[in-house]
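Worksheet: the structure to be examined is printed underneath.
Basis for what follows: all heavy atoms, side chains included, without hydrogens, waters or symmetry-related copies.
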Amino acid sequence: METPESSATLSTHLDPEVDDEHDTKERVLLRYFLQEWALVKSILDRIVANDGATNPSDVNKIRSIIDKYQEQGQLLEPYLESIVNPLMSLVHSKSMQLRDGTYEVLVTIKPICIIIYSLVTVCGYKHIIRFFPHQVSDFEIAATLLENCHNGNSLTSLRQESTGEMETKCVALLWLYILVLIPFDISSVDSSIANRNQLGVGEPSPLVLKILEISKDHLSSSGPMRRFAGLVLSRFLTRPDMSTAFVSFFDWTFEFLLSWTEDDINQFRLLGIVEALASIFKVGHRKILLEAVDKTWTNISHLMKSAVAARNTLLRKHIIKLSQRIGLTCLPHRSMAWRYKASTSSLGQNILLNATETSNPCSNGLQVVHLTDMSSIEILGEDDIEVPEIVEEIVELLLSGLRDSALHYDIRRGPHSIGSHVRDAAAYVCWAFGRAYNYSDMRDILEQLVPHLLTVACYDREVNCRRAASAAVQENIGRQGDFPHGIDIVSSADYFSLASRANSYLNIAVKMAQYKEYLYSFAEELLSRKIFHWVFCFMLFSSYHISFAINL
(Lines give C-alpha, C1' and ligand atoms only; values in the text may rest on other atoms or scores of the structure.)
Protein backbone atom coordinates (compact mmCIF):
# COMPACT_ATOMS: atom_id res chain seq x y z
CA MET A 1 0.00 0.00 0.00
CA GLU A 2 1.71 3.13 -1.22
CA THR A 3 1.19 6.58 0.19
CA PRO A 4 -0.68 8.85 -2.27
CA GLU A 5 1.72 11.70 -1.50
CA SER A 6 4.82 12.15 -3.62
CA SER A 7 8.18 11.93 -1.90
CA ALA A 8 8.82 15.64 -2.35
CA THR A 9 5.50 16.60 -0.81
CA LEU A 10 5.99 14.05 1.96
CA SER A 11 9.35 15.50 2.93
CA THR A 12 7.80 18.95 3.09
CA HIS A 13 5.03 17.74 5.39
CA LEU A 14 7.49 15.94 7.66
CA ASP A 15 9.90 18.85 7.94
CA PRO A 16 10.58 19.24 11.68
CA GLU A 17 11.39 22.91 11.18
CA VAL A 18 7.80 23.71 10.21
CA ASP A 19 6.12 25.76 12.95
CA ASP A 20 2.93 23.94 14.03
CA GLU A 21 1.76 26.84 16.16
CA HIS A 22 1.40 29.24 13.23
CA ASP A 23 0.31 26.74 10.59
CA THR A 24 -3.30 25.90 9.70
CA LYS A 25 -5.06 23.16 11.65
CA GLU A 26 -5.60 21.09 8.51
CA ARG A 27 -1.92 21.13 7.53
CA VAL A 28 -0.83 20.25 11.07
CA LEU A 29 -3.21 17.27 11.20
CA LEU A 30 -2.11 16.12 7.75
CA ARG A 31 1.54 16.37 8.75
CA TYR A 32 1.01 14.23 11.84
CA PHE A 33 -1.13 11.67 10.02
CA LEU A 34 1.62 11.16 7.47
CA GLN A 35 3.93 10.40 10.36
CA GLU A 36 1.43 7.90 11.77
CA TRP A 37 0.58 6.32 8.41
CA ALA A 38 3.62 4.03 8.61
CA LEU A 39 2.30 2.58 11.88
CA VAL A 40 -1.21 2.13 10.45
CA LYS A 41 0.17 0.48 7.32
CA SER A 42 2.35 -1.94 9.29
CA ILE A 43 -0.60 -3.01 11.47
CA LEU A 44 -2.85 -3.50 8.46
CA ASP A 45 -0.18 -5.57 6.70
CA ARG A 46 0.16 -7.71 9.81
CA ILE A 47 -3.60 -8.26 10.01
CA VAL A 48 -3.76 -9.30 6.36
CA ALA A 49 -0.73 -11.57 6.69
CA ASN A 50 -2.33 -13.26 9.70
CA ASP A 51 -5.57 -13.89 7.78
CA GLY A 52 -7.52 -11.39 9.87
CA ALA A 53 -6.18 -12.36 13.28
CA THR A 54 -5.83 -9.27 15.47
CA ASN A 55 -5.01 -8.31 19.02
CA PRO A 56 -6.83 -5.61 20.99
CA SER A 57 -3.80 -3.32 21.16
CA ASP A 58 -3.51 -3.13 17.36
CA VAL A 59 -7.19 -2.34 16.96
CA ASN A 60 -7.06 0.34 19.65
CA LYS A 61 -3.97 1.94 18.09
CA ILE A 62 -5.60 2.30 14.67
CA ARG A 63 -8.86 3.51 16.18
CA SER A 64 -7.12 6.10 18.35
CA ILE A 65 -5.25 7.45 15.32
CA ILE A 66 -8.42 7.66 13.22
CA ASP A 67 -10.42 9.33 15.99
CA LYS A 68 -8.05 12.30 16.01
CA TYR A 69 -9.46 13.40 12.65
CA GLN A 70 -13.15 13.66 13.57
CA GLU A 71 -13.32 17.26 12.33
CA GLN A 72 -10.97 16.78 9.36
CA GLY A 73 -12.15 13.52 7.84
CA GLN A 74 -11.25 14.67 4.34
CA LEU A 75 -7.57 14.21 5.21
CA LEU A 76 -8.11 10.44 5.36
CA GLU A 77 -9.93 10.14 2.02
CA PRO A 78 -6.79 9.47 -0.10
CA TYR A 79 -6.02 6.50 2.18
CA LEU A 80 -9.50 4.97 2.41
CA GLU A 81 -9.11 2.52 -0.45
CA SER A 82 -5.81 1.27 0.97
CA ILE A 83 -7.46 0.67 4.34
CA VAL A 84 -10.98 -0.49 3.48
CA ASN A 85 -10.25 -2.83 0.56
CA PRO A 86 -8.07 -5.34 2.42
CA LEU A 87 -10.22 -5.24 5.54
CA MET A 88 -13.49 -5.80 3.64
CA SER A 89 -11.83 -8.61 1.66
CA LEU A 90 -11.19 -10.32 4.99
CA VAL A 91 -14.77 -9.69 6.15
CA HIS A 92 -16.01 -11.10 2.83
CA SER A 93 -13.93 -14.29 3.01
CA LYS A 94 -14.77 -14.92 6.67
CA SER A 95 -18.49 -14.27 6.10
CA MET A 96 -18.50 -16.95 3.41
CA GLN A 97 -17.47 -19.42 6.10
CA LEU A 98 -20.54 -18.45 8.14
CA ARG A 99 -22.72 -19.98 5.42
CA ASP A 100 -20.99 -23.30 6.11
CA GLY A 101 -21.77 -23.10 9.83
CA THR A 102 -18.32 -21.98 10.98
CA TYR A 103 -19.55 -19.43 13.53
CA GLU A 104 -16.18 -19.10 15.23
CA VAL A 105 -15.05 -16.71 12.50
CA LEU A 106 -17.19 -13.97 14.08
CA VAL A 107 -14.39 -13.58 16.61
CA THR A 108 -12.14 -12.58 13.70
CA ILE A 109 -14.71 -10.41 11.91
CA LYS A 110 -15.70 -8.20 14.85
CA PRO A 111 -12.32 -6.48 15.49
CA ILE A 112 -11.97 -5.77 11.77
CA CYS A 113 -15.42 -4.18 11.72
CA ILE A 114 -14.40 -1.97 14.66
CA ILE A 115 -11.69 -0.43 12.46
CA ILE A 116 -14.04 -0.03 9.48
CA TYR A 117 -16.73 1.57 11.62
CA SER A 118 -14.18 4.03 13.03
CA LEU A 119 -13.64 5.23 9.47
CA VAL A 120 -17.41 5.51 9.01
CA THR A 121 -17.73 7.81 12.03
CA VAL A 122 -14.91 10.06 10.79
CA CYS A 123 -15.37 10.14 7.00
CA GLY A 124 -19.08 9.29 6.64
CA TYR A 125 -20.62 6.10 5.32
CA LYS A 126 -20.95 7.37 1.74
CA HIS A 127 -17.18 7.58 1.36
CA ILE A 128 -16.59 4.14 2.89
CA ILE A 129 -19.16 1.97 1.09
CA ARG A 130 -17.59 2.79 -2.26
CA PHE A 131 -14.90 0.25 -1.41
CA PHE A 132 -17.22 -2.53 -0.20
CA PRO A 133 -17.49 -5.71 -2.34
CA HIS A 134 -20.59 -5.39 -4.51
CA GLN A 135 -20.93 -8.50 -6.63
CA VAL A 136 -24.39 -10.02 -6.95
CA SER A 137 -23.26 -13.13 -5.09
CA ASP A 138 -22.28 -10.97 -2.12
CA PHE A 139 -25.93 -10.26 -1.26
CA GLU A 140 -26.49 -13.55 0.54
CA ILE A 141 -23.07 -13.30 2.21
CA ALA A 142 -23.86 -9.89 3.72
CA ALA A 143 -27.32 -11.08 4.76
CA THR A 144 -25.78 -14.11 6.50
CA LEU A 145 -23.40 -11.85 8.42
CA LEU A 146 -26.27 -9.61 9.55
CA GLU A 147 -28.40 -12.58 10.58
CA ASN A 148 -25.62 -14.15 12.67
CA CYS A 149 -24.98 -10.86 14.48
CA HIS A 150 -28.64 -10.09 15.08
CA ASN A 151 -28.94 -12.03 18.32
CA GLY A 152 -25.63 -10.78 19.69
CA ASN A 153 -25.36 -8.70 22.85
CA SER A 154 -24.51 -5.08 22.01
CA LEU A 155 -25.12 -3.49 25.40
CA THR A 156 -21.54 -2.26 25.91
CA SER A 157 -21.76 1.52 26.02
CA LEU A 158 -18.07 2.49 26.16
CA ARG A 159 -16.21 2.18 22.86
CA GLN A 160 -13.06 1.17 24.76
CA GLU A 161 -14.93 -1.90 25.99
CA SER A 162 -16.73 -2.66 22.75
CA THR A 163 -16.94 -6.30 21.73
CA GLY A 164 -17.56 -5.41 18.10
CA GLU A 165 -21.21 -6.52 18.01
CA MET A 166 -22.55 -3.06 17.25
CA GLU A 167 -19.83 -2.24 14.72
CA THR A 168 -20.34 -5.53 12.87
CA LYS A 169 -24.08 -4.93 12.60
CA CYS A 170 -23.47 -1.44 11.22
CA VAL A 171 -20.98 -2.73 8.63
CA ALA A 172 -23.39 -5.50 7.58
CA LEU A 173 -26.27 -3.02 7.21
CA LEU A 174 -24.14 -0.64 5.14
CA TRP A 175 -22.99 -3.54 2.99
CA LEU A 176 -26.62 -4.47 2.28
CA TYR A 177 -27.41 -0.80 1.66
CA ILE A 178 -25.19 -0.85 -1.43
CA LEU A 179 -25.94 -4.44 -2.52
CA VAL A 180 -29.70 -3.87 -2.61
CA LEU A 181 -29.18 -1.75 -5.74
CA ILE A 182 -28.80 -4.86 -7.92
CA PRO A 183 -30.81 -4.14 -11.09
CA PHE A 184 -33.00 -7.26 -11.17
CA ASP A 185 -35.39 -9.23 -8.98
CA ILE A 186 -33.75 -10.01 -5.63
CA SER A 187 -35.60 -13.32 -5.42
CA SER A 188 -33.36 -14.59 -8.22
CA VAL A 189 -30.31 -14.52 -5.91
CA ASP A 190 -32.04 -16.28 -2.99
CA SER A 191 -30.64 -19.81 -3.03
CA SER A 192 -33.31 -20.97 -0.55
CA ILE A 193 -35.97 -20.77 -3.28
CA ALA A 194 -36.12 -23.95 -5.34
CA ASN A 195 -38.74 -22.56 -7.72
CA ARG A 196 -39.42 -18.86 -8.25
CA ASN A 197 -43.01 -19.70 -9.25
CA GLN A 198 -43.68 -20.45 -5.59
CA LEU A 199 -43.72 -16.70 -4.89
CA GLY A 200 -46.73 -14.54 -5.61
CA VAL A 201 -46.60 -11.38 -7.68
CA GLY A 202 -44.57 -8.75 -5.78
CA GLU A 203 -44.06 -11.12 -2.84
CA PRO A 204 -40.58 -10.86 -1.26
CA SER A 205 -38.37 -13.91 -0.98
CA PRO A 206 -37.73 -15.51 2.44
CA LEU A 207 -34.25 -13.99 2.57
CA VAL A 208 -35.62 -10.49 1.92
CA LEU A 209 -38.34 -10.93 4.55
CA LYS A 210 -35.70 -11.92 7.07
CA ILE A 211 -33.61 -8.82 6.28
CA LEU A 212 -36.66 -6.58 6.53
CA GLU A 213 -37.62 -8.02 9.93
CA ILE A 214 -34.11 -7.60 11.28
CA SER A 215 -34.00 -4.01 10.00
CA LYS A 216 -37.36 -3.27 11.63
CA ASP A 217 -36.02 -4.63 14.92
CA HIS A 218 -33.01 -2.31 14.68
CA LEU A 219 -35.33 0.70 14.41
CA SER A 220 -35.78 0.29 18.18
CA SER A 221 -32.04 0.57 18.79
CA SER A 222 -30.52 3.48 20.65
CA GLY A 223 -27.33 3.30 18.61
CA PRO A 224 -26.31 3.99 15.01
CA MET A 225 -27.94 0.74 13.81
CA ARG A 226 -31.24 2.65 13.89
CA ARG A 227 -30.09 5.09 11.23
CA PHE A 228 -28.47 2.47 8.98
CA ALA A 229 -31.48 0.16 9.28
CA GLY A 230 -33.67 3.03 8.06
CA LEU A 231 -31.40 3.52 5.06
CA VAL A 232 -31.58 -0.18 4.20
CA LEU A 233 -35.38 -0.15 4.47
CA SER A 234 -35.61 2.90 2.22
CA ARG A 235 -33.64 1.17 -0.52
CA PHE A 236 -35.46 -2.16 -0.14
CA LEU A 237 -39.03 -0.91 0.05
CA THR A 238 -38.78 1.49 -2.89
CA ARG A 239 -37.68 -1.21 -5.33
CA PRO A 240 -40.21 -2.05 -8.07
CA ASP A 241 -40.41 -5.69 -6.90
CA MET A 242 -41.24 -4.75 -3.29
CA SER A 243 -44.74 -3.31 -3.62
CA THR A 244 -46.24 -5.86 -1.20
CA ALA A 245 -43.52 -5.25 1.38
CA PHE A 246 -43.96 -1.47 0.95
CA VAL A 247 -47.65 -1.65 1.86
CA SER A 248 -46.97 -4.03 4.74
CA PHE A 249 -44.30 -1.75 6.23
CA PHE A 250 -46.49 1.34 6.08
CA ASP A 251 -49.37 -0.56 7.71
CA TRP A 252 -46.97 -1.54 10.50
CA THR A 253 -45.79 2.05 10.99
CA PHE A 254 -49.35 3.43 11.04
CA GLU A 255 -50.37 0.85 13.63
CA PHE A 256 -47.45 1.85 15.85
CA LEU A 257 -48.00 5.61 15.41
CA LEU A 258 -51.57 5.16 16.61
CA SER A 259 -50.63 3.10 19.68
CA TRP A 260 -47.20 4.27 20.87
CA THR A 261 -46.46 4.97 24.50
CA GLU A 262 -43.80 7.12 26.15
CA ASP A 263 -41.60 4.38 27.58
CA ASP A 264 -37.94 4.45 26.56
CA ILE A 265 -37.96 1.56 24.08
CA ASN A 266 -40.94 2.89 22.18
CA GLN A 267 -39.39 6.36 21.99
CA PHE A 268 -36.36 4.89 20.26
CA ARG A 269 -38.62 3.00 17.87
CA LEU A 270 -40.57 6.20 17.29
CA LEU A 271 -37.37 7.95 16.27
CA GLY A 272 -36.40 5.04 14.03
CA ILE A 273 -39.76 4.89 12.26
CA VAL A 274 -39.89 8.63 11.55
CA GLU A 275 -36.29 8.63 10.33
CA ALA A 276 -36.95 5.60 8.10
CA LEU A 277 -40.06 7.24 6.63
CA ALA A 278 -38.03 10.37 5.86
CA SER A 279 -35.48 8.22 4.00
CA ILE A 280 -38.23 6.44 2.07
CA PHE A 281 -39.84 9.71 0.98
CA LYS A 282 -36.42 10.89 -0.19
CA VAL A 283 -35.67 8.04 -2.60
CA GLY A 284 -39.13 6.63 -3.42
CA HIS A 285 -41.03 7.16 -6.67
CA ARG A 286 -43.70 9.85 -6.43
CA LYS A 287 -46.44 7.67 -7.90
CA ILE A 288 -45.96 5.05 -5.17
CA LEU A 289 -45.52 7.54 -2.32
CA LEU A 290 -48.73 9.42 -3.07
CA GLU A 291 -50.72 6.39 -1.90
CA ALA A 292 -49.24 6.72 1.60
CA VAL A 293 -49.24 10.51 1.93
CA ASP A 294 -52.60 11.05 3.67
CA LYS A 295 -52.15 8.58 6.52
CA THR A 296 -48.49 9.49 7.00
CA TRP A 297 -49.22 13.20 7.26
CA THR A 298 -52.18 12.67 9.61
CA ASN A 299 -50.03 10.70 12.04
CA ILE A 300 -47.00 12.97 11.76
CA SER A 301 -48.96 16.20 12.25
CA HIS A 302 -50.53 14.81 15.43
CA LEU A 303 -47.15 13.60 16.65
CA MET A 304 -45.61 17.04 16.19
CA LYS A 305 -48.19 18.49 18.62
CA SER A 306 -47.55 15.85 21.29
CA ALA A 307 -45.66 16.30 24.54
CA VAL A 308 -42.96 13.80 23.54
CA ALA A 309 -42.09 15.86 20.46
CA ALA A 310 -41.91 19.01 22.58
CA ARG A 311 -39.23 17.36 24.74
CA ASN A 312 -37.25 15.64 21.98
CA THR A 313 -35.23 17.87 19.64
CA LEU A 314 -34.09 14.97 17.46
CA LEU A 315 -37.66 13.78 16.94
CA ARG A 316 -38.77 17.26 15.89
CA LYS A 317 -35.88 17.41 13.45
CA HIS A 318 -36.93 14.13 11.78
CA ILE A 319 -40.59 15.21 11.70
CA ILE A 320 -39.66 18.47 9.97
CA LYS A 321 -37.49 16.59 7.46
CA LEU A 322 -40.27 14.09 6.74
CA SER A 323 -42.89 16.84 6.46
CA GLN A 324 -40.99 18.84 3.84
CA ARG A 325 -40.44 15.68 1.77
CA ILE A 326 -44.15 14.87 1.96
CA GLY A 327 -44.82 18.41 0.77
CA LEU A 328 -42.49 18.03 -2.21
CA THR A 329 -44.21 14.76 -3.08
CA CYS A 330 -47.64 16.45 -3.02
CA LEU A 331 -46.65 19.46 -5.12
CA PRO A 332 -48.16 19.24 -8.62
CA HIS A 333 -45.68 18.81 -11.42
CA ARG A 334 -45.54 21.63 -13.91
CA SER A 335 -43.33 22.51 -16.82
CA MET A 336 -40.49 24.94 -16.37
CA ALA A 337 -40.90 28.66 -16.98
CA TRP A 338 -38.32 28.26 -19.72
CA ARG A 339 -37.14 25.40 -21.88
CA TYR A 340 -34.36 24.62 -24.30
CA LYS A 341 -34.80 23.87 -27.99
CA ALA A 342 -31.98 22.46 -30.05
CA SER A 343 -30.81 24.42 -33.06
CA THR A 344 -30.84 22.45 -36.32
CA SER A 345 -29.13 24.93 -38.60
CA SER A 346 -25.66 23.98 -39.78
CA LEU A 347 -24.23 27.49 -39.36
CA GLY A 348 -25.64 28.10 -35.87
CA GLN A 349 -28.32 30.52 -37.05
CA ASN A 350 -31.61 30.73 -35.21
CA ILE A 351 -34.35 28.33 -36.21
CA LEU A 352 -37.85 29.56 -36.83
CA LEU A 353 -40.16 29.14 -33.86
CA ASN A 354 -43.91 29.37 -33.49
CA ALA A 355 -45.40 32.79 -34.02
CA THR A 356 -46.35 32.99 -30.33
CA GLU A 357 -42.81 32.34 -29.07
CA THR A 358 -39.52 34.22 -29.24
CA SER A 359 -36.08 33.04 -28.30
CA ASN A 360 -32.65 34.10 -27.26
CA PRO A 361 -29.62 32.23 -28.61
CA CYS A 362 -27.20 30.64 -26.17
CA SER A 363 -23.51 30.09 -26.66
CA ASN A 364 -24.03 26.31 -26.85
CA GLY A 365 -26.37 26.52 -29.83
CA LEU A 366 -29.62 26.13 -27.85
CA GLN A 367 -32.65 28.38 -27.82
CA VAL A 368 -34.11 29.54 -24.51
CA VAL A 369 -37.85 30.17 -24.61
CA HIS A 370 -38.90 32.45 -21.71
CA LEU A 371 -42.24 32.45 -19.93
CA THR A 372 -42.81 36.08 -20.90
CA ASP A 373 -42.51 35.05 -24.55
CA MET A 374 -45.12 32.30 -24.33
CA SER A 375 -48.68 32.69 -25.44
CA SER A 376 -51.39 33.72 -22.99
CA ILE A 377 -53.07 30.35 -23.41
CA GLU A 378 -49.90 28.55 -22.32
CA ILE A 379 -49.45 30.87 -19.33
CA LEU A 380 -53.03 30.29 -18.23
CA GLY A 381 -52.50 26.56 -18.43
CA GLU A 382 -49.38 26.84 -16.28
CA ASP A 383 -50.97 28.94 -13.53
CA ASP A 384 -54.33 27.19 -13.41
CA ILE A 385 -53.06 24.42 -11.09
CA GLU A 386 -54.71 23.55 -7.82
CA VAL A 387 -52.30 23.07 -4.89
CA PRO A 388 -53.50 20.48 -2.33
CA GLU A 389 -54.49 21.80 1.10
CA ILE A 390 -51.97 19.48 2.72
CA VAL A 391 -49.17 21.62 1.24
CA GLU A 392 -50.45 24.68 3.10
CA GLU A 393 -50.51 22.71 6.35
CA ILE A 394 -46.96 21.52 5.77
CA VAL A 395 -45.75 25.04 5.03
CA GLU A 396 -47.33 26.18 8.28
CA LEU A 397 -45.53 23.43 10.19
CA LEU A 398 -42.21 24.32 8.54
CA LEU A 399 -42.61 28.00 9.41
CA SER A 400 -43.49 27.05 12.97
CA GLY A 401 -40.34 24.95 13.06
CA LEU A 402 -38.28 28.10 12.64
CA ARG A 403 -39.14 28.91 16.26
CA ASP A 404 -37.13 25.90 17.40
CA SER A 405 -33.75 26.15 19.16
CA ALA A 406 -31.70 25.26 15.72
CA LEU A 407 -29.19 28.13 16.79
CA HIS A 408 -28.12 26.01 19.86
CA TYR A 409 -28.51 22.57 18.24
CA ASP A 410 -25.68 20.36 19.56
CA ILE A 411 -25.98 16.56 19.77
CA ARG A 412 -23.26 14.26 21.10
CA ARG A 413 -22.48 11.26 18.90
CA GLY A 414 -19.70 9.05 20.18
CA PRO A 415 -16.52 11.00 20.96
CA HIS A 416 -17.66 14.05 18.98
CA SER A 417 -20.76 16.16 18.43
CA ILE A 418 -22.91 17.05 15.43
CA GLY A 419 -25.01 20.10 14.83
CA SER A 420 -22.62 22.77 13.55
CA HIS A 421 -24.20 22.59 10.09
CA VAL A 422 -27.64 23.11 11.65
CA ARG A 423 -26.48 26.11 13.68
CA ASP A 424 -24.75 27.57 10.62
CA ALA A 425 -27.89 27.21 8.48
CA ALA A 426 -30.10 28.63 11.25
CA ALA A 427 -27.90 31.71 11.49
CA TYR A 428 -28.29 32.36 7.78
CA VAL A 429 -32.06 31.92 8.01
CA CYS A 430 -31.95 34.71 10.60
CA TRP A 431 -29.76 36.66 8.17
CA ALA A 432 -32.48 36.31 5.53
CA PHE A 433 -35.11 37.74 7.91
CA GLY A 434 -33.38 41.10 7.81
CA ARG A 435 -33.68 41.27 4.03
CA ALA A 436 -37.23 39.95 3.75
CA TYR A 437 -39.25 41.84 6.39
CA ASN A 438 -39.82 45.42 7.48
CA TYR A 439 -38.77 46.80 10.86
CA SER A 440 -42.41 47.08 11.97
CA ASP A 441 -42.81 43.32 11.48
CA MET A 442 -39.49 42.32 13.02
CA ARG A 443 -39.14 44.76 15.94
CA ASP A 444 -40.53 42.53 18.69
CA ILE A 445 -38.87 39.42 17.29
CA LEU A 446 -35.43 41.01 17.01
CA GLU A 447 -35.46 41.96 20.68
CA GLN A 448 -35.56 38.23 21.45
CA LEU A 449 -33.48 37.00 18.51
CA VAL A 450 -30.41 39.27 18.55
CA PRO A 451 -29.23 38.29 22.08
CA HIS A 452 -29.26 34.62 21.01
CA LEU A 453 -27.34 35.45 17.85
CA LEU A 454 -24.74 37.35 19.86
CA THR A 455 -24.18 34.44 22.25
CA VAL A 456 -23.68 32.13 19.27
CA ALA A 457 -21.31 34.66 17.66
CA CYS A 458 -19.18 34.76 20.82
CA TYR A 459 -19.49 31.30 22.37
CA ASP A 460 -19.93 28.77 19.54
CA ARG A 461 -17.03 26.32 19.16
CA GLU A 462 -17.04 26.48 15.35
CA VAL A 463 -15.65 29.55 13.60
CA ASN A 464 -18.11 29.27 10.70
CA CYS A 465 -21.05 29.37 13.13
CA ARG A 466 -19.63 32.38 14.97
CA ARG A 467 -19.15 34.24 11.71
CA ALA A 468 -22.60 33.26 10.39
CA ALA A 469 -24.28 34.54 13.56
CA SER A 470 -22.26 37.76 13.34
CA ALA A 471 -23.34 38.23 9.72
CA ALA A 472 -26.97 37.76 10.76
CA VAL A 473 -26.62 40.38 13.49
CA GLN A 474 -24.99 42.88 11.16
CA GLU A 475 -27.60 42.34 8.45
CA ASN A 476 -30.53 42.81 10.80
CA ILE A 477 -29.03 45.84 12.54
CA GLY A 478 -28.06 47.45 9.26
CA ARG A 479 -31.41 46.93 7.53
CA GLN A 480 -33.82 47.20 10.46
CA GLY A 481 -32.45 50.54 11.68
CA ASP A 482 -32.56 51.61 15.33
CA PHE A 483 -31.21 48.99 17.74
CA PRO A 484 -29.46 49.27 21.15
CA HIS A 485 -25.69 49.74 20.75
CA GLY A 486 -25.92 48.59 17.15
CA ILE A 487 -22.84 50.44 15.89
CA ASP A 488 -20.63 49.14 18.69
CA ILE A 489 -21.83 45.58 18.12
CA VAL A 490 -21.20 45.69 14.38
CA SER A 491 -17.72 47.16 14.81
CA SER A 492 -16.67 44.78 17.59
CA ALA A 493 -18.10 41.40 16.50
CA ASP A 494 -16.84 41.45 12.92
CA TYR A 495 -15.67 38.67 10.62
CA PHE A 496 -11.96 38.81 11.49
CA SER A 497 -12.16 39.39 15.25
CA LEU A 498 -14.30 36.26 15.68
CA ALA A 499 -11.73 34.03 13.95
CA SER A 500 -9.99 33.40 17.28
CA ARG A 501 -12.02 31.41 19.78
CA ALA A 502 -10.02 32.81 22.70
CA ASN A 503 -10.63 36.38 21.52
CA SER A 504 -14.35 35.66 21.10
CA TYR A 505 -14.71 34.21 24.60
CA LEU A 506 -12.42 36.49 26.57
CA ASN A 507 -12.69 39.86 24.84
CA ILE A 508 -15.71 40.25 22.53
CA ALA A 509 -18.14 38.39 24.83
CA VAL A 510 -17.03 40.49 27.81
CA LYS A 511 -17.55 43.68 25.83
CA MET A 512 -21.05 42.60 24.69
CA ALA A 513 -22.03 41.63 28.25
CA GLN A 514 -21.29 45.16 29.46
CA TYR A 515 -24.58 46.24 27.89
CA LYS A 516 -27.51 45.49 30.19
CA GLU A 517 -29.70 44.42 27.23
CA TYR A 518 -27.42 41.40 26.64
CA LEU A 519 -25.95 40.63 30.06
CA TYR A 520 -28.71 38.18 31.07
CA SER A 521 -28.48 36.25 27.77
CA PHE A 522 -24.72 35.80 28.09
CA ALA A 523 -24.96 34.71 31.72
CA GLU A 524 -27.76 32.27 30.90
CA GLU A 525 -25.77 30.79 28.01
CA LEU A 526 -22.79 30.12 30.26
CA LEU A 527 -24.79 28.71 33.17
CA SER A 528 -27.37 26.64 31.31
CA ARG A 529 -25.42 25.35 28.28
CA LYS A 530 -21.68 25.81 28.58
CA ILE A 531 -20.63 25.04 32.15
CA PHE A 532 -22.22 21.56 32.05
CA HIS A 533 -21.39 20.82 28.42
CA TRP A 534 -19.65 17.48 27.89
CA VAL A 535 -16.77 19.05 25.93
CA PHE A 536 -16.06 21.52 28.75
CA CYS A 537 -16.24 18.74 31.35
CA PHE A 538 -13.90 16.58 29.26
CA MET A 539 -11.35 19.40 28.94
CA LEU A 540 -11.58 20.11 32.67
CA PHE A 541 -11.15 16.43 33.50
CA SER A 542 -8.15 16.14 31.16
CA SER A 543 -6.53 19.26 32.64
CA TYR A 544 -6.98 17.86 36.14
CA HIS A 545 -5.23 14.61 35.22
CA ILE A 546 -2.40 16.42 33.47
CA SER A 547 -1.77 18.68 36.46
CA PHE A 548 -2.01 15.68 38.79
CA ALA A 549 0.59 13.79 36.72
CA ILE A 550 2.92 16.80 36.70
CA ASN A 551 2.71 17.13 40.48
CA LEU A 552 3.62 13.46 40.84
request  = Would you name the heavy atoms of Ala276 and Leu219 that are closest together and state the gap between them?
outcome  = CB-CD2, 4.2 Å
Pair Tyr459 and Tyr505, ring centroids less than 6.0 Å apart = yes
inquiry  = I'd like to check the side chain to side chain donor-acceptor pair (under 3.5 Å) partners of Ser492; sequence neighbours left out, ordered by chain and number.
reply    = Lys511
remark   = Nearest heavy-atom contact between Leu498 and Ser470 is CD1-CB, 3.3 Å
ask   = Are side-chain heavy atoms of Ser82 and Trp37 found at a separation under 4.5 Å?
value = yes
Residues that Asp58 engages under side chain to side chain donor-acceptor pair (under 3.5 Å), provided they are two or more places apart = Arg46, Asn55
Residues in side-chain contact (heavy atoms from CB on, under 4.5 Å) contact with Leu315, at least two apart in sequence or another chain = Leu270, Leu271, Val274, Leu303, Val308, Ala309, Asn312, Ile319
task = Using the test side chain to side chain donor-acceptor pair (under 3.5 Å), find all partners of Tyr125 that sit at least two apart in sequence or belong to another chain.
result = none
ask   = Who pairs with Glu524 by side-chain contact (heavy atoms from CB on, under 4.5 Å), at least two apart in sequence or on another chain?
value = Tyr520, Ser528
inquiry  = I'd like to check the side-chain contact (heavy atoms from CB on, under 4.5 Å) partners of Ser279; sequence neighbours left out, ordered by chain and number.
reply    = Leu231, Ser234
request  = Examine the side chains of Asn60 and Arg63 and answer whether a donor and an acceptor come within less than 3.5 Å of each other.
outcome  = yes
inquiry  = Going by the rule ring pair (Phe, Tyr, Trp, His ring centres under 6.0 Å), which residues pair with Phe250 if we only count those two or more places apart in sequence or in a different chain?
reply    = Phe246, Phe254
task = List the atom of Ser64, the atom of Lys61, and the distance in Å for their closest heavy-atom pair.
result = OG-O, 2.7 Å
ask   = Among all residues two or more places apart in sequence or in another chain, which pass the side chain to side chain donor-acceptor pair (under 3.5 Å) test with Gln324?
value = none
task = Could you tell me whether Lys110 and Glu165 make a salt bridge, using a distance below 4.0 angstrom between a side-chain N and a carboxylate O?
result = yes
key: Test item: Leu145 and Val91 side chains (from C-beta on) under 4.5 Å apart, heavy atoms   = yes
remark   = Contacts of Asn85 meeting side-chain contact (heavy atoms from CB on, under 4.5 Å) (sequence neighbours excluded), chain-then-number -> Glu81, Phe131
inquiry  = Just to verify, what does Lys321 make a salt bridge (Lys or Arg N to Asp or Glu O under 4.0 Å) with, not counting sequence neighbours?
reply    = none
Ring pair (Phe, Tyr, Trp, His ring centres under 6.0 Å) partners of His318, counting only residues at least two apart = none
ask   = Do you know the tightest heavy-atom contact between Leu453 and Ala469?
value = O-CB, 3.4 Å
message = Distance to the ring centre below 6.0 angstrom and angle to the axis at most 45 degrees; does that hold for Arg226 and Phe268?
response = no
query = ring pair (Phe, Tyr, Trp, His ring centres under 6.0 Å) with Tyr518: which residues, sequence neighbours excluded?
reply = none
